[in-house]
Amino acid sequence: MIRTEEMMLNVGPQHPSTHGVFRLVIKVDGETIVEATPVIGYLHRGTEKLAEDLQYTQIIPYTDRMDYISAMTNNYVLCHAVETMMGAELPDRAEYLRVLAMELGRVASHLVWFGTYLLDIGAVSPFLYAFREREMIINLLNELSGARLTFNYMRVGGVKWDAPDGWLEKVREFVPYMREQLKGYHDLVTGNEIFLNRVKGIGKYTKEEAIQYSLSGANLRCTGVEWDLRKHETYSVYDRFDFNVITREGGDAWSRYQCRMAEIEESLKIIEQAVEQIPDDGKYMGKVPRIIKAPKGEAFVRIESPRGEIGCYIASEGKKEPYRLKFRRPSFYNLQILPKLLKGENMANLITILGGVDIVLGEVDG
Amino acid sequence: MSDDKELEKKKAAEEARSKAEELKREKAEQEPPEEKVKNSKIAPDKEEDPSDEKESDKELAKKKAAAAAKAKAAALAKKKAKEQKETESGKKEDTDEESSKKKPVKEAAEADRKQKEQEAEPKDADTEEDKEKKKAAAAAKAKAAAKRKKEAAEGADGEDEKAKAVAAAKAKAAAARAKKKAADKGEEEEEKPSPNQPLLDKYVKVLKDHLGEDIFEDFYINRLSKHVPTLVAKRDTYHRIAEFLRFNDQLGFDYLSELHGTDFESHMEVYVHLFSFKNLQSLALKVKIDRDNPEIDSVVDLWQGANWPECEAYDLLGIRFRNHPDLKRILLGEDWVGHPMRKDYEPYDVEV
Amino acid sequence: MLGLAKGLKYTLKNLTKEKMTYQYPEEPIPMPDRFRGIQKFYPEKCIVCNQCANICPTDCIELTGKKHPDPEKKGKIIDTYDINFEICILCDLCTEVCPTEAIVMTNNFELAEYSRDELFKNLEWLDENDQNVRKENKA
Amino acid sequence: MTWIDSLLQSQPSWTNFAIFAGLGVTMLSITLGFVTFAILAERKVMGYMQLRHGPNRVGGRFGLLQSVADILKLLLKEDTRPKQADKTLFVLAPVIAYAPAFLVIAVIPFTEAFKFTDIGVGLLYYIAISGISTIGIVTAGWASNNKYALMGGMRAAAQMISYEIPLVMSVIGIILFTGSLNLVEIVQAQENIAFIFLQPIAFLIFLIAGTAELNRTPFDLPEAESELVAGYHVEYSGFRWAFFMLSEYVYLFALSALITVLFLGGWNAPIPGIGLNEIGLGAVWFTIKFIVIVFLFMWMRITFPRLRADQLMEFGWKVLLPIALANIFLSALIKELFF
């Protein structure tokens with residue numbers, strides 16, 4: 001008789017496919033995973049604790065560093081929470097600039113996901129093609145906000161800067177270009193039989209499981225739940241745009257891939273419309289007091305980040321600083337289902353599944 | 001175009017709100033002083049100079065009379081709403097100092113007020129509100145707007161110029177509103193005061209019918225948080241309420257959007273934001289727990305998604321969740337000393 | 001097989017496309033005017049109001065003022081001004097609050113040093129860092 | 001009868017030994033030279049396809065000395081060895097992996113004149129020897145005492161055994177056509193038409209199975225950077241690691257040469273009649289065909305994602321092998337009916 005033994009294997013904290021310092025302790029029987037335990041917290045910086053001693057404006061740069069792939073949505077959720085509490089009204093142009101920045105960020109974020117996902121699956125080139133387009137978006141956002149990743153662009157009551165001269169024109173030109181490139185991606189990847197074999201039917205879960213595990217974003221929509229906070233709990237000026245909520249029925253890695261790729265197109269639609277609709281009055285900051293104080297009380301708002309539902313809870317004592325600030329970090333919630341998905345899969349599928357969840361460790365650890 | 005609609009909606013909502021406020025305030029004034037304190041505390045606060053306070057106090061009296069006289073003059077009511085808020089917040093500042101040491105929980109106060117509103121409020125106030133609301137919601141644009149405008153113009157007689165401006169030109173009104181809003185916090189929240197009130201009533205009723213009368217510490221609409229109906233459960237009923245919310249066919253709160261704890265120094269609190277994909281409704285469920293012995297039932301058996309958030313709350317605040325399948329210090333590691341999100345946390349460093 | 005062939009075609013097409021990379025150290029990367037680089041400090045403009053130090057989210061600015069040497073004039077002038085670039089996150093809030101635009105952003109971003117101590121920049125260094133100042137702040 | 005033939009058939013002597021030793025060293029340097037520039041070429045092609053420049057600093061605009069610099073660096077690097085590793089095997093593994101890679105080059109006829117041996121079972125020799133490398137890789141995986149390395153080694157073993165079979169099966173058609181295992185004779189049989197046209201299915205199978213043998217994308221599972229970090233050589237550094245790298249590229253050299261010989265007609269001109277082999281154009285034809293194959297390997301690596309382990313096995317046993325067998329049957333039929 002051959003005696004076999006289960007083997008403990010540490011995937012991470014330093015591993016090319018964990019996209020940061022994430023550790024997965026797996027028990028493998030050969031290459032089949034018997035048990036998987038995620039270990040997180042390596043990137044925990046205590047943002048929420050730090051924020052208790054910071055003014056609202058000072059917290060904004062910290063939010064940049066949570067989900068560093070799409071910092072604009074983080075900026076927004078904090079500002080939105082404070083604005084909701086204050087009842088501040090923003091000039092339209094500020095809202096449009098925010099939407100533009102967020103949607104560009106969403107496209108960039110999905111591009112990073114696309115690139116790194118294919119890198120996980122073993123294809124190197126899509127990563128570089130995706131980063132070519134992402135670089136353009138980053139340059140656009142750099143022109144707008146003065147930084148490439150940690151934008152610190154939004155302020156309570158508006159945005160830091162108006163769009164620079166010619167910026168909107170550049171964004172307008174970017175949309176058709178991006179659409180053209182997307183076709184190329186589909187040529188390169190979407191039809192690729194090897195890729196299809198790698199993702200189809202992998203990491204499957206049902207609608208009920210997705211809801212039960214509090215998944216959000218494309219992880220939820222890939223099971224057929226039509227739920228996008230931009231549409232259904234509309235915020236900012238998203239109700240003025242015509243776009244679809246992308247859903248797929250499969251609930252597997254392939255559906256998630258399709259969802260995200262289609263979401264890029266929807267974001268482009270929004271960008272296109274926003275550039276057309278943006279009012280030309282140059283007013284980008286609402287009337288808010290110089291010292292921002294959220295009224296006493298508490299609020300929880302949630303918006304749609306590229307990774308899912310990002311929320312912000314503020315308990316305020318009516319001071320300059322929040323009494324308690326809590327972010328609902330989508331990656332943190334989305335990662336919970338991982339042990340369940342990994343059971344019985346092999347090493348290669350581990351990477352496909354983990355990559356498909358689209359986590360950002362800065363956000364998981366907060 | 002949509003702006004106009006919104007504007008109108010808002011205006012209407014405001015009117016309705018102001019009426020409610022007025023009645024409330026009147027009632028509040030007849031109540032014992034603590035109640036007043038509580039009541040005023042809930043009003044959205046803002047920075048205000050004292051001179052304004054006095055002015056508004058004077059106007060308050062005037063307004064009361066006016067309210068009695070023409071209860072239905074919408075424009076007047078609207079104006080009052082603004083001033084009232086000023087008054088209230090002014091009062092708030094007074095009372096705040098006294099009460100801040102006591103640290104009365106704002107939610108509790110608001111809930112009290114809400115309850116009272118529901119129970120003691122004369123019925124016509126509600127219907128009034130509803131009527132106004134319907135007007136707004138249906139956005140019976142031209143007609144409603146015209147009517148309101150007229151009313152506003154009428155009501156503006158003898159009132160200050162701003163009201164006139166509002167009536168005179170929509171554009172100007174918008175500007176004025178924007179301006180006001182910057183200073184006047186809380187107006188936005190009052191856009192839709194009632195849409196969630198029936199929901200809250202429904203939840204409370206259903207829950208009470210099934211689980212008994214004495215299950216809540218509080219329930220109210222959290223106006224700051226996009227009018228989310230908020231239930232404050234008792235420690236021993238928390239899990240039962242959660243279970244009911246989760247599995248009841250009509251409510252069906254199947255999605256746990258957020259769970260976290262907060263240290264309010266006087267007590268700990270667990271905040272759960274639930275969502276029902278069936279009805280597309282949100283609900284906040286809270287429970288206050290003992291700070292010295294923070295322990296509460298876990299809801300992981302109801303929502304798997306609560307697993308890590310509860311671990312996080314345990315890690316950062318030391319709240320122990322009973323029956324949690326794997327309660328661990330998820331972010332900081334098992335050897336960390338203390339719970340950092342507690343307000344009295346002192347960093348512990350072995351090397352120092 | 002068709003999908004594979006399509007992919008091969010796509011990569012082959014890109015063989016001759018324009019390259020997207022910069023020859024970085026030789027070719028400087030063009031940064032937009034708003035780019036948040038290392039701060040430039042104008043000691044003569046500073047009124048020692050402390051706002052920058054207060055708004056700094058990471059507390060990396062330390063400054064001291066002294067009395068104006070000219071007894072006729074009121075107010076203070078800057079004595080020392082240090083930014084610790086170990087923890088500075090270049091968030092731009094200090095330049096945003098500065099009432100006299102005494103501290104402004106430049107487009108320079110190269111901060112690599114061999115020692116951490118060298119990341120501690122003082123008033124003189126920040127004063128000399130006067131290249132690529134933002135256009136809107138050009139004196 | 002070229003001089004090399006006479007040399008091959010002469011009596012053994014010290015002079016002969018010296019000549020062969022000299023030739024061996026020459027071949028080694030040619031191979032190493034190829035490896036050096038194949039790595040550079042791969043990086044360059046990859047760079048250009050990925051909108052980058054690739055190496056462009058060491059040795060001029062095209063980074064001609066980049067690989068040389070890399071090799072020098074590897075030579076100078078500290079040779080680390082895990083404490084718990086099996087020392088003997090750890091040292092031996094790279095040698096076992098590398099030596100066969102160089103051995104197989106002996107049988108490949110580059111041109112009519114430029115060859116080292118002319119043994120009757122050249123093809124068999126190639127396949128038999130190249131299988132030994134697997135042992136080196138498994139040994140490396142085991143000796144490292146690292147779980148990732150072990151998994152990589154196991155994957156390598158499974159993969160190479162599975163793909164060896166379709167690889168051999170696919171060339172049986174050619175053997176049927178030529179009636180010989182001698183590579184020189186196989187090339188000579190293609191004077192009029194290359195076997196790629198007569199045996200297109202065999203060519204595809206050989207190409208796929210060959211890629212798998214080479215551990216190159218899309219079959220780079222033993223290394224699988226994103227899954228197993230670096231697979232069997234995760235614990236190796238310095239020149240020991242370089243040995244694995246070298247053997248990989250030497251195999252690329254050998255396999256591309258073999259494909260050229262088996263399917264593209266070796267030194268024969270692509271179109272019969274313009275050959276002019278007499279004036280040494282054979283080497284040019286060979287090089288061109290060879291480069292095309294190498295480029296094909298690089299191109300595939302740049303474009304494709306990686307297969308999954310179980311899919312790889314399934315593909316090898318359930319797809320490639322039946323097709324290869326069918327191909328043998330088909331070849332036999334064609335041979336019976338038309339030749």
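Just so we're on the same page: letters track the sequence lines, and every chain starts at 1. Because only heavy atoms are used, hydrogens play no part in the values below, and waters and symmetry mates are left out as well, while side chains stay in. Quantities reported herein were computed from a predicted structural model and do not represent experimental measurements.
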Original post:
Would A/D67 and A/R329 pass as an ion pair if we require N to O under 4.0 Å?
Top reply: no
Original post:
Tell me, side chain or backbone of A/L354 under 4.5 Å from chain D's heavy atoms, or both, or neither?
Top reply: neither
**OP:** Could you look at A/N197 and say if it's the side chain, the backbone, both or neither that has a heavy atom under 4.5 Å from chain D?
**Re:** both
Original post:
Picking from A/L118, A/L119, A/V11, A/L188, which has the most non-hydrogen pairs under 4.5 angstrom with chain D?
Top reply: A/V11
Subject >> A/I121 portion near chain D, given a 4.5 angstrom heavy-atom threshold >> reply: both
Original post:
Between the main-chain N or O of D/T80 and the side-chain N or O of D/Y236, is there a donor-acceptor pair closer than 3.5 Å?
Top reply: no
Original post:
Can you say whether A/L350 sits under 4.5 Å from chain D via the side chain, the backbone, both, or neither, judging by heavy atoms?
Top reply: neither
Subject >> Whether over 12 other heavy atoms sit under 6.0 Å from A/W167 CH2 >> reply: yes
**OP:** Let me know if A/R198 has heavy atoms under 4.5 Å from chain D in its side chain, its backbone, both or neither.
**Re:** both
Original post:
Given that the side chain runs from C-beta out, which part of D/Q311 has a heavy atom under 4.5 Å from chain A: side chain, backbone, both or neither?
Top reply: side chain
Subject >> A/E180 and A/K183 ion-paired at < 4.0 Å >> reply: yes
Subject >> Geometric class of the D/F263/D/F206 ring pair [parallel <30°, tilted 30-60°, perpendicular >60°] >> reply: tilted
Original post:
Which atoms of A/V189 come close to chain D, meaning under 4.5 Å heavy atom to heavy atom: side chain ones, backbone ones, both, or neither?
Top reply: neither
Subject >> When D/M46, D/K147, D/R301, D/M151 are compared by non-hydrogen pairs under 4.5 Å with chain A, the top option >> reply: D/K147
Subject >> Any donor-acceptor N/O pair, A/K27 side chain to A/A36 backbone, under 3.5 Å >> reply: no
**OP:** Look at D/R216 together with D/E42 and state whether they make a salt bridge at an N to O cut-off of under 4.0 Å.
**Re:** yes
